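First the structure, in the form of structure tokens, and then the observations on it.
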Amino acid sequence: QVQLVESGGGLVQAGGSLRLSCAASGRTFAIYTMGWFRQAPGKEREFVASVSHGGSTRYADSVKGRFTISRDNAKNTVYLQMNSLKPEDTAVYYCAASRGLLSGPRDANYWGQGTQVTVSS
């Protein structure tokens with residue numbers, strides 16, 4: 001069992017930055033692929049970024065070059081650094097963990113409760 005707790009969301013102006021954190025419980029954190037998804041009102045939950053247990057990263061085209069995902073296995077934490085934020089990045093951001101690949105919501109074995117990110121124009 002893995003419990004995920006996100007933090008770091010908030011309100012920021014367009015062009016600004018935020019860093020999201022996701023703290024995970026459990027001693028097997030290092031073996032999971034970790035990722036971030038987001039869901040805007042009226043839209044489906046979508047993939048944002050993932051990082052494998054070996055450190056390989058993947059990004060959605062919409063955030064490439066602006067967002068950076070990283071993990072610290074010693075702290076059981078995954079981060080999402082978000083720069084050059086746009087109003088269309090506004091959504092609830094969810095941390096997820098998978099025992100395998102993590103490219104879509106159905107791949108996740110565990111979810112956090114979500115944290116709101118609002119980007120004003």
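What you see is a predicted model; the values in this text were computed from it and never measured.
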N/O donor-acceptor pair under 3.5 Å between Thr77 side chain and Lys75 backbone: yes
Compare all side-chain heavy atoms of Leu80 with those of Val48 and state whether any distance is below 4.5 angstrom. yes
N/O donor-acceptor pair under 3.5 Å between Ser50 side chain and Gly35 backbone: no
Keeping to residues at least two apart or across chains, list the salt bridge (Lys or Arg N to Asp or Glu O under 4.0 Å) pairs with something in residues 50-71. Asp61-Lys64, Arg66-Asp89
Within residues 34-58 or reaching into it, pairs that qualify as ring pair (Phe, Tyr, Trp, His ring centres under 6.0 Å) - sequence neighbours excluded: Phe37-Phe47, Phe37-Trp111
Any pair counted as disulfide bond (SG atoms under 2.5 Å apart), so long as it reaches residues 61-100, sequence neighbours left out: Cys22-Cys95
Could you measure the distance from the CD atom of Gln81 to the CG atom of Leu20? Nearest 0.5 Å is fine. 9.0 Å
What heavy-atom pair brings Gly100 and Thr33 nearest, and what distance separates the two atoms? O-OG1, 2.9 Å
Note, Thr90 side chain near Gln116 side chain (heavy atom, < 4.5 Å): yes
Among residues two or more places apart or on two chains, list those pairs meeting side-chain hydrogen bond (donor to acceptor under 3.5 Å, both in side chains) that have a residue in residues 3-18. Glu6-Gln113, Ser17-Asn83
With a sphere of 6.0 Å drawn around CG of Leu101, does it hold more than 12 non-hydrogen atoms of other residues, nucleotides or ligands? no
Is there a side-chain contact between Tyr110 and Met34, using heavy atoms and a 4.5 Å cut-off? no
To the nearest 0.5 Å, atom OG1 of Thr28 lies from atom CG of Asn76 at 8.5 Å
Decide yes or no for Leu85 and Leu18: does some side-chain heavy atom of the first lie under 4.5 Å from some side-chain heavy atom of the second? yes
Is there a side-chain contact between Asn109 and Val2 (heavy atoms, below 4.5 Å)? no
Do Leu102 and Val92 sit in one hydrophobic cluster, given that two such residues count as connected whenever their side-chain heavy atoms are within less than 4.5 Å of each other, even indirectly? yes
State yes or no: do Phe29 and Val51 share one hydrophobic cluster built from I, L, V, M, F, W and Y residues joined by side-chain heavy-atom distances below 4.5 Å, directly or via other members? yes
Please give me the minimum heavy-atom distance between Ala40 and Ala91, naming the atom from each residue. N-CB, 3.8 Å
In Å, rounded to the nearest 0.5 Å, how long is the span from OG of Ser98 to CG of Asp107? 5.5 Å
Selection residues 65-94 - residue pairs positive for ring pair (Phe, Tyr, Trp, His ring centres under 6.0 Å), sequence neighbours left out: none
For Glu46, salt bridge (charged side-chain N to carboxylate O under 4.0 Å, His left out) partners two or more places apart: Arg38
